[in-house]
Amino acid sequence: MVYSILFMIVGLALLIKGADLLVKGATEIAKRFNISEMLIGIIIVGLGTSLPEILITINSSINNHPDLIIGNAIGSCVCNLLFVIGIASICQPLKIDERLLKFHLPLSLFATVILSIVTNFGERYEITRVEGAILLIITLIYLIYTCVEGKVENIENQRALNKEFKSKEAQKRLSVITIILHILVGFIALKYGADFVVDNATNVARDFNVSESLISLTIIAVGTALPEIVTSIIAAIKKDPDLAMGNVIGSNIYNLILLPSLGAVISPIKYDTQFNFTILFIFLVILYMMFSEKIKRHKGLITRKKGLTLIIIYILYILRMIAVQ
């Protein structure tokens, strides 16, 4: 048990350092290419921090564990929307970018509807290879659109930038190679840090005779979201709220569309209708994020009080899931 605890500490250290490097690299990319940190959060950070879920999906599909694919995907979404945003906003109140409210959050809502349709309608409760391919195409279109959005923003920002300011900022910027190294090392540290924490926390839990179901609902669910959690916290502390929000929303869209599509393309996914409750719950949480009167009152700001409310809702969700096991 002592070694497990030591490896957990090493894992946490890797997570913190990896997130710090990733946030720094992503921020530098945003500055160098004059693109908002929100879009960098969606395109690079969101996809990168979803790597644990992607790897679990591929492995689960090859080994025929469909429940793990869907459970991992939607469980991470709930964790992102409630726990990750909640923790990050307690560290630093988060401002919701106008584009998130107008496009990316509604797309997350659309993704939950699409996932519900492909899983609940048809002759059998499953996601076929054809449906998986369609979801994969939707993901690619979203990525292309977001990249184009970033390119347009780049052109607009370049026109608006003052040349003198731009030259002074350029002198302070990291080289392209250094930025790439920051991001690559950050991703690697996040990946292995999450593995160390999850694997060794599971070992400690088993030493205390904690049930497998409870381990999967708590340690595994939060563990696969650790890259998002730590990255968003570091981004919030460094006062990069757009990067934190972009990371969460981007990861959610990938979780809802990309993960099921990858799994289904490898092997059709049998669907358990017990997941419908969580999908509906995600739908309602996104609606709450979009239309909450508190958000409007604070001009799109997720306050510390609201962050605490999100964490409490997440705890109640976990308790409900444990109760029905």
Side-chain angles (χ1 to χ4, degrees), residues 37-54 56-57 69-89 94 96-97 99-116 118-119 135-136 138-143 145-146 149 190 194 221-233 235-236 241-263 275 277-292 295 302 307 310-311 313-314 317:
E37 291 172 359
M38 185 271 290
L39 289 179
I40 293 298
I42 291 173
I43 298 168
I44 298 176
V45 183
L47 191 57
T49 54
S50 292
L51 279 175
E53 289 94 333
I54 292 171
I56 287 173
T57 294
I69 296 171
I70 301 297
N72 176 42
I74 61 178
S76 293
C77 283
V78 176
C79 185
N80 285 341
L81 287 169
L82 298 175
F83 190 68
V84 177
I85 291 179
I87 290 286
S89 61
L94 301 178
I96 300 182
D97 188 278
R99 284 164 299 181
L100 281 178
L101 285 172
K102 289 185 176 179
F103 179 74
H104 298 281
L105 271 173
L107 184 63
S108 298
L109 209 62
F110 173 72
T112 62
V113 173
I114 290 294
L115 185 60
S116 297
V118 299
T119 52
L135 290 175
L136 193 57
I138 292 172
T139 307
L140 291 174
I141 291 171
Y142 172 68
L143 268 172
Y145 171 84
T146 308
E149 186 182 6
L190 283 171
V222 176
T224 56
L226 273 175
E228 288 93 336
I229 294 170
V230 181
T231 301
S232 292
I233 289 172
D242 286 346
L243 192 63
M245 288 300 298
N247 171 34
V248 170
I249 302 306
S251 292
N252 268 15
I253 292 172
Y254 302 135
N255 288 342
L256 290 168
I257 304 179
L258 178 61
L259 299 191
S261 70
L262 283 176
F275 290 124
F277 169 80
T278 301
I279 292 176
L280 176 62
F281 184 71
I282 292 169
F283 184 88
L284 294 175
V285 170
I286 296 171
L287 274 180
Y288 175 71
M289 298 283 294
M290 290 172 60
F291 300 110
S292 169
I295 287 178
I302 301 179
L310 294 175
I311 293 172
I313 293 172
Y314 182 68
Y317 163 79

*Looking only at heavy atoms, which two atoms of Ser232 and Ala88 are closest? And how far apart?*
O-CB, 3.9 Å
*Which value, rounded to the nearest 0.5 Å, describes the distance between Asn80 atom CG and Asn252 atom CG?*
4.5 Å
_Can you tell me how far apart CD1 (Ile74) and CG (Leu280) are? Round to the nearest 0.5 Å._
11.0 Å
*Kindly indicate, with the supporting measurements, whether the criterion side-chain contact (heavy atoms from CB on, under 4.5 Å) is fulfilled by Ile87 and Tyr314.*
CA-CA 11 Å; Ile87 290 286; Tyr314 182 68; over 6 Å; no
_Spacing of CG belonging to Leu109 relative to CD1 belonging to Ile282, to within rounding of 0.5 Å_ = 11.0 Å
*Return the minimal non-hydrogen interatomic distance between Ile114 and Leu135, and the atom names on each side.*
CG2-CD2, 3.3 Å
*For residues Leu81 and Leu310, report the shortest heavy-atom separation together with the two atoms involved.*
O-CD1, 4.0 Å
*Over all heavy atoms of both residues, which pair between Asn247 and Ser251 is shortest? Give the atoms and the distance, please.*
O-OG, 2.8 Å
*Would a distance-only check, ignoring hydrogens and angles, find a side-chain to backbone donor-acceptor pair under 3.5 Å from Ser89 to Gly86?*
yes
*In terms of the angle between their ring planes, are His104 and Tyr142 parallel, tilted or perpendicular, with boundaries placed at 30° and 60°?*
perpendicular
*Give, for atom OG1 of Thr278 and atom OH of Tyr317, the distance between the pair rounded to the nearest 0.5 Å.*
3.5 Å
_Straight-line distance of Ile279 CD1 to Cys77 SG, nearest 0.5 Å_ = 9.5 Å
_Verdict with supporting geometry, Ile85 and Met245, side-chain contact (heavy atoms from CB on, under 4.5 Å)_ = CA-CA 7 Å; Ile85 291 179; Met245 288 300 298; 4.1 Å; yes
*asked:* Please find the pair of heavy atoms, one from Phe283 and one from Val113, that lie closest to each other, and give the distance.
replied: CE1-CG2, 3.8 Å
*Results of side chain to side chain contact (heavy atoms under 4.5 Å, CB included) for Thr139 - residues two or more places apart only*: Tyr254, Ile257, Leu258
*Rounded to the nearest 0.5 Å, what's the gap from OG on Ser76 to CG on Asn255? Could you check?*
5.0 Å
*Show your working on side-chain contact (heavy atoms from CB on, under 4.5 Å) between Phe281 and Ile313 and close with a plain yes or no.*
CA-CA 11 Å; Phe281 184 71; Ile313 293 172; 3.8 Å; yes
